[in-house]
Amino acid sequence: MKGLSVVAEAVRASTTMAIDAMYKKMRADGLDVIGFGAGEPDFNTPEHIKSAAIQAIQDNRTRYTPAAGIQELREAICERLLADCGVSYQPGQVVVSSGAKHNLYAALQTLVNPGDEVILPSPYWVSYFELIKMVGGIPVVIKTTQEQGFKMSAEQLRAAVTEKTKVLILNNPSNPTGMMYDEFALASVADVCIAHDLYVIADEIYYSLVYDNRKFVSFVSLGEKVKERTILINGVSKTYAMTGWRIGYALAPDHIAKVMANYLSHATSAPSSISQWAAVEALRGPQEDIEEMRQAFEVRRNYIYQEMNRIPSVSCICPEAAFYVMMSLDELLGKTLHGTLIRDADDFAKVFLEIGRVAVVPCSGFGVPNYVRWSYATSLENIQEGLSRLKDFLS
Ligand SMILES: Cc1ncc(COP(=O)(O)O)c(C=O)c1O
């Protein structure tokens, strides 16, 4: 039999999903395990959003929609972005898709030719690396360190640019680091992109989950020269606790949005009409639930940051946004824990799950094999119990 596609076979399974699957299996087997793997809010979708979806079904809004999404949703996206980030787009520049992940794939398909280099600061969200390969691009990783707050400098970006560089993927705030670029840092990155004629895919899906009264600055708010080379990615999954509804969106200059919409019209036709109506309500309806969820995340962030740093042999820096914290394993590498030599995060995550009964995500797939990621999108009680298990596990 002939082989499968070389590109498809080179794609690695998502480590986040793998740990989550192991954790779910252990739970199904009746074991007392706590999960910190999931990249989704533990809150339910707010009632008024669910009601809007039910209403859409009752009203028979259940047919194909335009490929780039219903007009009402594209308008609602523009209104929300203007209100939250002060940036103005027209509905024709919006492309709605089945989740931000799908928009990222479409954005890369739209920009990248085989052999083009795509710059990716590490630690990076695992899917970027694989998505770049899936479109025939070459990922070029820029390593950032804990000392620099896991934020790439403009000098690092400049040094990584070659004749083949086409795109920079900028995830701000970041999964997995939870860190956020300020306006000055963003502007210096933008200058390099303009000087070297790079496109930017700016994934800002965590922009509303920001702590300590920090001000989020959208990359596209830096001016027209930035906007004309940027595909902005966003979605309702994280902000509105709507991961299963599968609605994400991209905002881009007209000619790029048009190509993306053409592409998606053949790939999916459009995302679910019902989810689109729910997303209209999410973006236009009351926003109080969102603030309540954000505050709950901030309380958890404070707790996990403080308590984790009280436990000997592990440490973390304070996340500024999103709902992840990266725990450094530097002091544990090369040591033996419960009979297992800890060479990297994979070893640690496995034995911590098996013996400690806690699921965390090894950051090997994120470009940093000496860290594990804890998602604090879970109750404070779970966080307390998880850290208490970590303490017992290490002592
Ligand atoms: C940085 C980042 N971008 C995009 C996504 C995907 O979001 P969606 O559920 O809209 O596909 C995630 C989800 O984990 C993410 O962490």
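We count ligands from 1, going down the list as the structure has it; atoms in each ligand are counted the same way.
- No hydrogens or angles considered: a donor-acceptor pair under 3.5 Å links the side chains of Asp84 and Tyr207.
- With hydrogens and angles left out, the side-chain atoms of Thr239 and Ser208 include a donor and acceptor closer than 3.5 Å.
- Residue contacts with ligand 1 include Gly99, since one of its heavy atoms falls under 4.0 Å from the ligand.
- Below 3.5 Å of separation, one finds no N or O of His102 facing any N or O of ligand 1.
- Atom 7 (O) of ligand 1 has its closest protein heavy atom at Ile205 CD1, 3.5 Å.
- Numbered from 1 in the order shown, with element, the atoms of ligand 1 that lie under 4.0 Å from a heavy atom of Tyr128 read 1 (C).
- With a 4.0 Å heavy-atom cut-off, ligand 1 is reached by no atom of Glu40.
- Between Gln55 and Asp59, the side chains place a donor N or O and an acceptor N or O closer than 3.5 Å (distance only, hydrogens not considered).
- Contacts of Arg246 with ligand 1, taken as heavy-atom pairs under 4.0 Å, involve the side chain alone.
- Taking atom 14 (O) of ligand 1 as the reference point, the nearest protein heavy-atom neighbour is Lys238 NZ, 2.6 Å.
- Heavy-atom proximity to atom 4 (C) of ligand 1, evaluated over Val236, Asp203, Asn103, Ile233, is greatest for Asp203.
- Below 4.0 Å from some heavy atom of Asn171 lie the following atoms of ligand 1, by number and element: 1 (C).
- Residue-to-ligand polar distances place Ser237 within reach of ligand 1: an N/O pair is separated by less than 3.5 Å.
- Defined by atom type and a distance below 3.5 Å, a donor-acceptor pair is present between the side-chain atoms of Tyr206 and Lys238.
- Taking the ring axis of Phe219 as reference, the NZ or CZ atom of Lys227 does not stay both within 45° of it and closer than 6.0 Å to the ring centre.
- Less than 4.0 angstrom separates some heavy atom of Tyr206 from each of these atoms of ligand 1: 1 (C), 14 (O), 15 (C), 16 (O).
- When non-hydrogen atoms are compared, ligand 1 lies under 4.0 Å from neither the backbone nor the side chain of Trp245.
- For the residue pair Ser218 and Glu204, a side-chain donor N or O sits within less than 3.5 Å of a side-chain acceptor on the partner.
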Please report the C-alpha distance between Asp346 and Lys350 in whole Å, then the side-chain angles of each, then the deciding distance to 0.1 Å, and finally whether the salt bridge (Lys or Arg N to Asp or Glu O under 4.0 Å) criterion is met.
-> CA-CA 6 Å; Asp346 290 356; Lys350 193 157 172 282; over 6 Å; no

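- Looking at atom 5 (C) of ligand 1, its nearest protein heavy atom turns out to be Trp125 CH2, 3.4 Å.
- Checking Leu394, Ile355, Val358 one by one against Arg389, the side-chain contact (heavy atoms from CB on, under 4.5 Å) holds for a single residue, Val358.
- Side-chain polar atoms of Glu117 and Thr162 form a donor-acceptor pair below 3.5 angstrom.
- Contact annotation for Ala100 and ligand 1: heavy atoms of both the backbone and the side chain come within less than 4.0 Å of the ligand.
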